[in-house]
K.L.:
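Below you'll find the structure I mean.
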Number of protein chains: 2
Amino acid sequence: MDRAEVIQEILDNLRRIFQAINEYSRNAEKETGLTGPQLWAIKLLDETAPMRVSQLAEAMFLHPATVVGIIDRLENKGLVTRIRSQEDRRAVDLHLTQAGEDMAAQAPEVAQSMLIHGLNLLPAAEFHCVGEGMKHMVRLLGVEHLTPRPLRG
Amino acid sequence: MDRAEVIQEILDNLRRIFQAINEYSRNAEKETGLTGPQLWAIKLLDETAPMRVSQLAEAMFLHPATVVGIIDRLENKGLVTRIRSQEDRRAVDLHLTQAGEDMAAQAPEVAQSMLIHGLNLLPAAEFHCVGEGMKHMVRLLGVEHLTPRPLRG
DNA sequence: TATAAATTATTTGTATAGCAAATAATTTGT
DNA sequence: ACAAATTATTTGCTATACAAATAATTTATA
């Protein structure tokens with residue numbers, strides 16, 4: 001197997017990983033009844049609530065107007081509440097309701113869990129290889145410095 | 001650095017790769033003026049035209065009704081033509097126009113190219129590590145058998 | 001202090017994507 | 001010849017996504 005073939009295989013495997021993560025997260029969407037962006041917003045709010053609309057928009061790399069719609073739908077489902085800020089009455093603090101927190105806790109991160117679990121069981125040599133391999137890929141793409149954002153579907 | 005930290009790092013790097021591919025493909029969208037799905041359809045048609053609507057829908061894992069809309073917009077832009085099949089007059093053969101082929105050729109696959117180029121220059125030991133590392137990741141996700149589909153944004 | 005400028009969230013308008021169900025045209029099976 | 005299946009499309013609905021305009025408020029400036 002020459003190098004060109006191995007490169008093809010590496011790219012194929014990268015595509016498989018992509019696909020797997022997308023499909024697992026699609027399952028999460030079906031289980032929760034939420035869309036991808038809605039689930040993403042919930043997860044972010046679960047990490048760092050309260051958040052303002054502009055702050056959430058920035059974290060999601062979306063236009064604030066888009067986030068307003070997403071929050072509207074989450075509010076209708078009783079997962080998020082808007083509370084006008086006392087210090088700055090232009091601003092709105094977004095909070096998760098109890099149901100929202102339950103949803104965030106329940107929503108599975110299947111791919112992530114599988115990787116964490118599997119990596120833990122890997123023999124040292126293989127484990128080391130995975131770590132180094134990923135580091136190389138990141139370097140080749142020139143994105144070592146990138147702040148990683150959550151995997152989404 | 002203990003194993004938990006390395007696992008965190010691996011996940012972070014996976015997120016960086018995801019993000020990089022998404023961003024590079026978003027750039028491709030801006031350059032071409034096409035959306036992600038439109039670009040994806042063009043690429044698939046470029047590989048294997050003529051294709052039927054149902055065939056393209058299957059390849060894109062989308063509902064045929066969705067693909068009809070995408071093809072409508074590509075037809076309006078003069079990139080795709082619909083030709084009623086002679087053998088089966090229910091069916092429609094999708095072709096790329098010259099402009100469509102030009103678009104497919106011009107549309108950059110930046111991330112892919114960077115990886116191919118970079119992997120080629122990698123010393124043998126590191127190269128081997130990348131290949132093995134990716135193989136492990138795929139195995140941990142249980143998707144060795146998955147037919148890889150093109151990376152998209 | 002009064003007023004201009006900037007900020008924050010929202011509304012409005014437009015386009016795309018996505019699915020399910022119904023429909024029309026055609027082909028295949030009986 | 002007629003029923004059943006197939007193929008693309010239409011229709012109706014929802015969710016994203018952005019830009020531009022708007023309203024409310026705060027900050028800066030004259």
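Labels below follow one simple rule: chain letters A, B, ... track the order of the sequence lines, proteins then strands, and each chain is numbered from 1.
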K.L.:
Whole Å only: how far is the NE2 atom of His63(B) from the P atom of dT10(D)?
P.N.:
15 Å
K.L.:
Check this for me: does any side-chain nitrogen of one of Glu29(A) and Arg26(A) sit under 4.0 Å from a carboxylate oxygen of the other?
P.N.:
no
K.L.:
Is a side-chain N or O of Thr48(A) found less than 3.5 angstrom from the main chain of Leu45(A), in a donor-acceptor match?
P.N.:
no
K.L.:
Thr66(B) has a side chain; which of dA15(D), dC18(D), dG18(C) sits nearest to it?
P.N.:
dG18(C)
K.L.:
In whole Å, I'd like the distance from the CD1 atom of Ile70(A) to the C1' atom of dC18(D).
P.N.:
12 Å
K.L.:
What integer distance in Å separates Lys30(A):NZ from dA20(C):C1'?
P.N.:
13 Å
K.L.:
Taking atom P of dT26(C) as reference, at what distance in whole Å does atom CZ of Arg84(B) sit?
P.N.:
8 Å
K.L.:
With DNA chain C as reference, determine whether Ala65(B) or Lys77(B) sits nearer its 5' end, using the nearest nucleotide of each.
P.N.:
Lys77(B)
K.L.:
Counting distance alone, no hydrogens or angles: does the base of dT6(D) have a donor or acceptor under 3.5 Å from a partner atom on the side chain of Arg90(B)?
P.N.:
yes
K.L.:
Between Arg16(B) and Leu11(B), is there a donor-acceptor pair closer than 3.5 Å when you use the side chain of the first and the backbone of the second?
P.N.:
no
K.L.:
Which nucleotide in the set dG18(C), dA17(D), dA8(D) lies at the smallest distance from any side-chain heavy atom of Pro37(B)?
P.N.:
dG18(C)
K.L.:
Could you state the atom-to-atom distance from CD of Glu75(A) to C1' of dT10(C) in whole Å?
P.N.:
13 Å
K.L.:
Rounded off to whole Å, could you give me the CD1-to-C1' distance for the Ile71(A) and dA15(D) pair?
P.N.:
14 Å
K.L.:
Using 4.0 Å as the upper bound for N to carboxylate O, is an ion pair formed by Arg15(A) and Asp12(A)?
P.N.:
yes
K.L.:
Can you tell me how far C1' of dA15(C) sits from CG of Asp72(B), to the nearest Å?
P.N.:
14 Å
K.L.:
Given 3.5 Å as the limit, does a donor-acceptor pair link the side chain of Thr97(B) with the main chain of Gly78(B), or not?
P.N.:
yes
K.L.:
Counting side-chain heavy atoms from C-beta on, which of dT10(C), dC19(C), dA8(D) comes nearest to Leu62(B)?
P.N.:
dC19(C)
K.L.:
What is the distance, rounded to the nearest whole Å, between atom CG of Asp88(A) and atom P of dA9(C)?
P.N.:
8 Å
K.L.:
Please tell me which of the listed nucleotides, dA15(D), dT26(D), dT10(C), lies nearest to the side chain of Pro64(A)?
P.N.:
dT10(C)
K.L.:
Nearest to the Arg52(B) side chain among dC19(C), dA17(D), dA8(D), which nucleotide is it?
P.N.:
dA8(D)
K.L.:
Does Ser54(B) have a side-chain nitrogen or oxygen under 4.0 Å from the phosphate oxygens OP1 or OP2 of dA8(D)?
P.N.:
yes
